[in-house]
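Lettering follows sequence order; numbering is per chain, from 1. Atom set for the values below is all heavy atoms of this structure, side chains included, hydrogens, waters and symmetry mates excluded.
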There are 2 protein chains.
Amino acid sequence: MKLTEAKAQFISSWGAFGTHWGINRTMAQIHALLLISPDPITQDDIMEQLSISRGNVNMNTRDLIGWGLVDRVLIPGERKEFFTAEKDIWKVATQIIKERKKRELDPMLKLLTQLEQIEGDKKDKDVKQFVDTIAGIRKFGGQADKVLDVMIKADESWFLGSLLKFFK
Amino acid sequence: MKLTEAKAQFISSWGAFGTHWGINRTMAQIHALLLISPDPITQDDIMEQLSISRGNVNMNTRDLIGWGLVDRVLIPGERKEFFTAEKDIWKVATQIIKERKKRELDPMLKLLTQLEQIEGDKKDKDVKQFVDTIAGIRKFGGQADKVLDVMIKADESWFLGSLLKFFK
DNA sequence: ATATATTTTCAATAAATTTTGAAAATTCAA
DNA sequence: TTGAATTTTCAAAATTTATTGAAAATATAT
């Protein structure tokens with residue numbers, strides 16, 4: 001297989017993969033393209049390589065920057081903006097985990113804590129099942145939260161960092 | 001807060017949560033409803049409680065059964081079919097991980113392994129970045145695969161099971 | 001076997017999401 | 001400043017995804 005074909009296949013698969021994770025296809029494709037581009041590239045490069053409109057590129061690169069996965073790069077003497085992606089997959093994963101935790105897990109845990117405190121007779125089986133379910137999810141989520149914190153902080157801690165390097 | 005209101009909020013939030021994970025809103029809502037229902041319920045119950053059509057309920061319950069999260073239950077003397085969900089959140093998570101690994105991670109790793117073997121001069125920086133990126137993702141994915149296998153097998157292993165019970 | 005209840009299917013419809021492209025805003029060199 | 005290059009915005013259009021509902025298929029009681 002040649003590079004051109006392999007690139008196309010990677011970008012396409014990464015895009016499809018993204019849709020299973022609540023990420024839109026184009027955003028994932030742009031990310032894929034940036035991941036395999038050795039040097040920073042422009043909006044026009046992305047437009048051309050993925051055959052998508054300027055507006056689309058603009059919105060999705062901004063989103064990717066919001067996720068902390070892509071950076072704007074200014075190249076001296078160049079008028080246009082360039083974009084580049086973090087290439088270390090461990091850092092990419094950590095960043096995604098950090099963001100999703102903040103955007104999804106933390107608010108969900110907050111809600112569950114509220115829902116657990118409903119009024120009602122705990123001998124009533126509907127009440128009991130509700131409280132048990134909510135408590136179970138909250139407890140599980142709380143543990144997941146802690147495990148993810150360890151992963152995120154691994155990068156900042158010498159000891160954990162060394163330990164987890166074995167997995168890199 | 002009363003049970004009725006809390007239920008509605010849980011179902012609604014769980015549905016929204018699901019959409020961030022590539023699961024459609026209704027499927028997540030049906031799952032939420034079943035999680036907090038102490039006894040098995042029918043298609044008609046689900047239709048009524050979520051205000052959705054019969055066809056919709058039918059398709060989504062079938063999907064949930066395919067995910068191994070919901071079971072059909074036959075109640076003696078009853079003509080209708082009843083549905084019930086696994087209530088142990090650890091088992092729910094394990095089951096989801098198992099399925100997603102099979103449906104998404106494994107095929108992706110297979111593809112990456114193929115893409116890594118492209119023809120081309122490794123001194124060319126485009127080739128190099130492509131191979132490095134693919135290799136990095138594959139390696140990371142491979143490690144994730146192993147970690148998830150441990151989690152999945154924990155349920156089947158007495159020792160790991162006991163160990164992980166501390167986290168439940 | 002027949003009638004009735006129940007489930008399943010799927011084409012049509014509706015809703016949600018994504019994409020476009022052109023106008024407006026911004027940036028920057030001269 | 002001015003004007004050309006570049007980026008951003010966002011309403012409208014296109015596309016994708018989800019939902020409905022009625023007909024067909026299936027299951028069950030008598």
Side-chain angles (χ1 to χ4, degrees), chain A residues 11-34 40-67 70-85 103-104, chain B residues 11-34 40-67 69-84 103-104:
Chain A
I11 290 169
S12 156
S13 304
W14 202 248
F17 198 65
T19 60
H20 289 135
W21 291 86
I23 293 158
N24 89 45
R25 193 179 311 271
T26 302
M27 188 167 136
Q29 288 186 349
I30 294 175
H31 189 219
L33 175 61
L34 288 168
I41 61 178
T42 65
Q43 272 201 351
D44 293 85
D45 295 330
I46 299 172
M47 285 169 66
E48 194 191 346
Q49 297 218 38
L50 303 181
S51 306
I52 56 178
S53 73
R54 183 176 304 285
N56 201 359
V57 172
N58 193 275
M59 287 182 140
N60 284 114
T61 46
R62 195 140 42 78
D63 257 4
L64 284 164
I65 292 170
W67 275 90
V70 166
D71 283 320
R72 254 181 251 276
V73 176
L74 293 174
I75 294 190
E78 291 279 3
R79 187 75 177 271
K80 290 182 181 175
E81 290 180 335
F82 287 71
F83 297 95
T84 188
R103 297 178 191 200
E104 298 161 30
Chain B
I11 290 169
S12 157
S13 304
W14 202 247
F17 198 64
T19 60
H20 289 133
W21 292 85
I23 293 158
N24 90 45
R25 195 180 308 273
T26 302
M27 188 167 135
Q29 288 185 349
I30 293 174
H31 188 219
L33 175 61
L34 287 168
I41 60 178
T42 65
Q43 272 201 352
D44 294 84
D45 295 329
I46 298 172
M47 286 168 65
E48 194 192 345
Q49 297 218 38
L50 303 182
S51 307
I52 56 177
S53 73
R54 182 176 304 286
N56 201 358
V57 171
N58 192 277
M59 288 181 138
N60 283 113
T61 46
R62 194 140 43 75
D63 257 4
L64 283 164
I65 292 169
W67 276 88
L69 298 172
V70 165
D71 284 319
R72 255 182 251 275
V73 176
L74 294 173
I75 295 190
E78 292 279 3
R79 188 75 177 270
K80 291 182 182 174
E81 289 180 335
F82 285 70
F83 298 94
T84 188
R103 296 179 192 200
E104 297 161 30

Integer-rounded Å distance: [N] [atom2] and [X] [atom1]:
X	N	atom1	atom2	value
B:D63	D:dA18	CG	P	10 Å
B:L50	D:dA18	CG	C1'	15 Å
A:M27	C:dT18	CE	P	10 Å
A:N60	C:dT18	CG	P	9 Å
A:I52	C:dG21	CD1	P	12 Å
B:Q43	C:dT6	CD	C1'	8 Å
A:F82	D:dA5	CZ	C1'	14 Å
A:K80	C:dT27	NZ	P	18 Å

Strictly under 4.0 angstrom, non-hydrogen atoms only: write out the protein contact profile of nucleotides 22-30 of chain D, one letter per nucleotide from the 5' end, B, S or -. -----BB--
For A:A85 and A:H31 the tightest heavy-atom approach is CB-CD2, 4.3 Å
Indicate whether OP1 or OP2 belonging to D:dT8 is found under 4.0 Å from a side-chain N or O atom of A:N58. yes
Suppose we screen for salt bridge (charged side-chain N to carboxylate O under 4.0 Å, His left out). Which residues come up paired with A:D44, at least two apart in sequence or across chains?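 Once residues adjacent in sequence are excluded, the partners of A:D44 under the salt bridge (charged side-chain N to carboxylate O under 4.0 Å, His left out) criterion are A:R54, A:K80.
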Donor-acceptor pair, distance only, cut-off 3.5 Å: does the side chain of A:N58 make one with the backbone of A:G55? no
All side-chain hydrogen bond (donor to acceptor under 3.5 Å, both in side chains) counterparts of A:S13, not counting sequence neighbours: none
With sequence neighbours excluded, residues passing side-chain hydrogen bond (donor to acceptor under 3.5 Å, both in side chains) with B:E104: A:W21, B:R100
Listed partners of A:W14 passing ring-ring contact (aromatic ring centres under 6.0 Å, His included), at least two apart: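 Scan of A:W14 (ring-ring contact (aromatic ring centres under 6.0 Å, His included), adjacent residues dropped) gives A:F10, A:F17.
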Of A:R62 and B:S53, whose nearest nucleotide on DNA chain D comes first from the 5' end?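 Nearest nucleotide further toward 5': that of A:R62.
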Under 4.0 Å between any heavy atoms, over every strand shown, what does B:N56 touch: base, sugar-phosphate, or nothing? Just pick one. base
N/O donor-acceptor pairs under 3.5 Å from side chains in residues 71-79 of chain A, not counting sequence neighbours:
{"unit_1": "A:R72", "atom_1": "NH1", "unit_2": "A:E81", "atom_2": "OE1", "d": "3.0"}

Closest to the A:M59 side chain, choosing from D:dT8, C:dT19, C:dT8: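 Output: C:dT19.
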